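Here's the structure, in structure tokens; my notes come after.
Predicted, not measured: the structure shown is a model, and the values here were computed from it. Below, each value reflects all heavy atoms present in this structure, side chains not excepted, and no hydrogens, waters or symmetry copies.
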Amino acid sequence: MAVKGGPADSRTRSTVAICIVIGMCVFFYTLGAWQKSGFGKGDSIALEITKRTDCTLLPNLSFDTHLEKQGSSGELVSPVKKFKPCPDHFTDYTPCQDQNRAMKFPRESMNYRERHCPPQKEKLHCLVPPPKGYVAPFPWPKSRDYVPFANCPYKSLTVEKAIQNWVQFEGNVFRFPGGGTQFPQGADKYIDQLASVIPIANGTVRTALDTGCGVASWGAYLLKRNVLAMSFAPRDSHEAQVQFALERGVPAVIGVLGTIKLPYPSRAFDMAHCSRCLIPWGVNDGLYMMEVDRVLRPGGYWVLSGPPINWKVNYKGWQRTKKDLEAEQNKIEEIAELLCWEKVSEKGETAIWRKRENTESCPSRHEESTVQMCESTNADDVWYKKMKACVTPLPDVENPSEVAGGAIKPFPSRLNAIPPRIANGLIPGVSSQAYEKDNKMWKKHVKAYINVNKYLLTGRYRNIMDMNAGFGGFAAAIDSQQSWVMNVVPTIGKIATLGAVYERGLIGIYHDWCEAFSTYPRTYDLIHASGLFTLYKNKCSMEDILLEMDRILRPEGAVIMRDDVDVLAKVDKLARGMRWNTKLVDHEDGPLVREKVLYAVKQYWVGGNQTASA
């Protein structure tokens with residue numbers, strides 16, 4: 001007679017069986033979920049493997065079984081909430097730049113084109129649908145020149161800007177020849193002209209601001225010269241400008257110079273640019289030029305191309321009177337002198353000014369009666385703050401040869417160098433040692449990310465967002481010309497680190513995640529969020545933040561979230577109701593660390609379908 005195994009043997013066999021099943025699930029899930037997708041729809045092999053190894057079909061292997069069944073407040077865990085698609089007419093919904101809401105605000109100073117977010121009761125609690133026929137964007141650099149028509153089906157610019165070579169419609173794609181209103185022969189030649197005056201080639205100029213960017217061809221062609229441009233344009237009659245830019249894989253946000261300060265830190269950009277951007281630079285006592293001066297670093301350049309520059313030669317083509325143009329240019333020259341900008345070039349329809357490196361080299365700053373200095377002690381406190389016609393003071397220097405705020409190394413050396421704001425103690429409570437420790441930590445984190453998602457550094461993810469960027473450590477660790485990162489620094493954070501991010505040669509923006517981001521739907525390929533939900537605990541709804549992440553994430557886009565295990569358990573439950581495939585992974589230092597990492601992939605689906613594509 002065979003001897004029956006005891007309870008211990010039975011438990012051993014069960015444990016071995018469970019371990020085998022877990023191992024198979026992890027292997028096949030990883031193989032399927034991260035299989036590189038095709039042109040728009042998920043890879044059929046990857047999807048089939050995922051179906052066959054769906055671990056949720058196996059009993060007692062749900063992640064919930066590894067946590068308490070009650071939350072911290074003692075309530076029972078509710079079933080997964082399934083979010084429904086929004087109606088198809090919301091396919092390009094931008095909550096804080098909604099056209100209908102905008103018309104309720106004054107047109108004076110472009111106030112109606114600024115951010116006007118819906119109150120809580122008007123927020124959508126559904127998934128913004130992609131348009132029918134949506135496909136994955138072309139890989140960079142092809143995406144710079146071609147955008148699938150289905151992703152952005154608006155032809156108005158092909159007619160309105162036909163002679164200026166902005167965009168052309170060819171077959172089932174838009175083609176971007178690289179032209180612009182001020183450079184119909186192409187952005188490359190135009191940039192060559194600027195580079196004859198501005199040191200673009202040697203890494204001195206790394207970050208740029210393009211005001212009124214159109215479809216961002218200037219920024220697109222700067223990228224191959226290793227210059228990152230933050231481009232912005234309003235959501236106005238020029239339909240889908242910023243949407244086109246992001247579909248091309250070029251950094252851009254919806255924005256306007258209106259009544260509130262730009263959401264960027266002081267002394268951020270190496271170069272600022274306006275090419276027929278239609279901004280009235282001379283009005284309101286130079287208010288807009290003073291805002292550019294605030295965000296322009298000492299020694300930085302401002303480029304103004306188009307009216308009224310060289311008006312004596314060009315006034316007939318602009319269909320404006322000589323008197324009007326002369327007055328406008330004289331006003332701009334007057335304000336530039338007040339700001340201590342030195343004109344270094346005026347050729348054709350383009351003028352270039354350079355900001356002085358410190359106050360000591362600016363004689364007019366010593367004449368207090370002619371210069372209204374801003375009284376605020378924090379030039380980076382900008383979120384919804386009104387612009388004022390005053391000059392932002394520069395940090396003091398000890399001698400006329402010193403750069404205010406500290407000299408910045410050329411790129412790429414500046415990427416991992418200690419930012420001057422930190423080295424000089426201008427960010428309270430942050431030491432050089434803390435910065436270097438943070439830098440080292442993010443290199444370690446990214447190495448662990450790549451072990452799970454091998455496509456992270458391959459260029460599959462072109463447009464990347466870090467929702468809680470800190471010092472930009474994540475962006476620095478994945479720096480590559482195959483991708484770029486929008487480093488978002490939440491306005492509710494205790495430390496304003498965005499200035500240091502720019503000093504590293506990275507770009508970013510201030511934002512409050514209780515509101516929608518200033519972008520179109522489906523504009524980011526990968527979203528990273530570290531500690532974000534803990535930061536916003538009791539500030540606003542986790543559901544609202546996740547729905548906003550879903551709005552701006554492309555179909556088949558990826559998400560990486562780091563946070564406390566209890567927080568991620570709640571995030572995971574909501575994410576699974578949003579048509580995201582999720583996977584929770586231990587911290588790279590082991591399972592005893594409470595911080596975990598939740599990986600997610602947004603399923604492919606389009607408007608009109610109530611179920612995800614198979």
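The shortest distance between side-chain heavy atoms of Thr359 and Pro393 does not fall below 4.5 Å. Residues Leu223 and Gln481 have side chains not in contact (no heavy-atom distance under 4.5 Å, counting atoms from C-beta outward). The side-chain heavy atoms of Thr497 and Val430, taken from C-beta on, include no pair separated by under 4.5 Å. By the 4.5 Å heavy-atom criterion applied to side chains, His116 and Lys104 are not counted as neighbours. Within the 4.5 Å cutoff, no side-chain heavy atoms of Leu257 are placed close to those of Leu287. Side-chain contact check for Trp513 versus Lys539: every heavy-atom pair is 4.5 Å or farther apart. A heavy-atom distance below 4.5 Å is not found between the side chains of Cys213 and Gln241. Under the 4.5 Å side-chain criterion, counting only non-hydrogen atoms from C-beta, Phe105 is not in contact with Glu114.
Looking at residues two or more places apart in sequence or on another chain, you find a side-chain contact (heavy atoms from CB on, under 4.5 Å) between Cys390 and Gln372, Cys374, Lys388. Residues forming a salt bridge (charged side-chain N to carboxylate O under 4.0 Å, His left out) with Lys261 (at least two apart in sequence, or on another chain): none.
Using cut-offs of 30° and 60° on the angle between ring planes, the pair Trp442 and His445 is perpendicular.
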Quiz item: Run the side chain to side chain donor-acceptor pair (under 3.5 Å) check on Thr523 and Gln243 step by step: do they pass?
Solution: CA-CA 7 Å; Thr523 44; Gln243 191 174 20; over 6 Å; no
Quiz item: Step by step, would you call Asp512 with Arg115 a salt bridge (charged side-chain N to carboxylate O under 4.0 Å, His left out)?
Solution: CA-CA 12 Å; Asp512 183 356; Arg115 289 176 56 85; over 6 Å; no
Quiz item: Yes or no on disulfide bond (SG atoms under 2.5 Å apart) for Cys117 and Cys96, after CA distance, side-chain angles and deciding distance?
Solution: CA-CA 4 Å; Cys117 301; Cys96 295; 2.0 Å; yes
Quiz prompt | Residue pair Asp525, Arg554: steps toward the salt bridge (charged side-chain N to carboxylate O under 4.0 Å, His left out) verdict | solution = CA-CA 6 Å; Asp525 305 300; Arg554 297 190 194 283; 2.6 Å; yes
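The pair Asp270-Arg414 meets the salt-bridge criterion, since a charged nitrogen lies less than 4.0 angstrom from a carboxylate oxygen. A salt bridge is absent between Lys537 and Asp564; no separation between the charged side-chain nitrogens and carboxylate oxygens falls under 4.0 Å. In summary, Lys444 and Glu588 do not engage in a salt bridge, as defined by a charged side-chain N under 4.0 Å from a carboxylate O. Between Lys570 and Glu543 there is no salt bridge, since none of the side-chain N atoms of the basic residue sits less than 4.0 Å from a carboxylate O of the acidic one. Glu334 has a carboxylate O that lies under 4.0 Å from a charged side-chain N of Lys331, or vice versa, which qualifies the two as a salt bridge.
Sparse packing is recorded around NZ of Lys437, with 12 or fewer heavy atoms of other residues, nucleotides or ligands lying under 6.0 Å away. For Lys343, the NZ atom sits in a packed shell: over 12 heavy atoms of surrounding residues, nucleotides or ligands are nearer than 6.0 Å. Counted within 6.0 Å of CD on Glu108, heavy atoms from surrounding residues, nucleotides or ligands total 12 or fewer; the atom is thus considered open. Open room surrounds CG on Asp285; 12 or fewer heavy atoms of other groups in view lie less than 6.0 Å from it. Residue-environment remark: NZ (Lys596) exceeds the threshold of 12 foreign heavy atoms within 6.0 Å. Surrounding NZ of Lys447 are at most 12 heavy atoms belonging to other residues, nucleotides or ligands under 6.0 Å away. Other residues, nucleotides and ligands place more than 12 heavy atoms under 6.0 Å from the CD atom of Glu122.
For the residue pair Pro298 and Leu394, the shortest heavy atom distance occurs at CG-CD2, 3.9 Å. When every heavy atom of Ala229 is checked against every heavy atom of Ile507, the shortest pair comes out as O-CD1, 4.3 Å. Scanning all heavy atoms of the two residues, the minimum distance from Tyr435 to Ile418 falls at CE2-CA, 3.8 Å.
With Ser530 contributing its side chain and Arg562 its backbone, the two residues share no donor-acceptor pair below 3.5 Å. Side-chain N or O atoms of Ser109 include none that pairs as donor or acceptor with a backbone N or O of Asn111 at under 3.5 Å.
Counting only residues at least two apart or on different chains, the ring-ring contact (aromatic ring centres under 6.0 Å, His included) pairs with a member in residues 476-507 are Phe269-Tyr502, Trp484-Tyr524.
Paired with His273 under the rule ring-ring contact (aromatic ring centres under 6.0 Å, His included), one option of Tyr190, Tyr301, Phe232 passes, and it is Tyr190.
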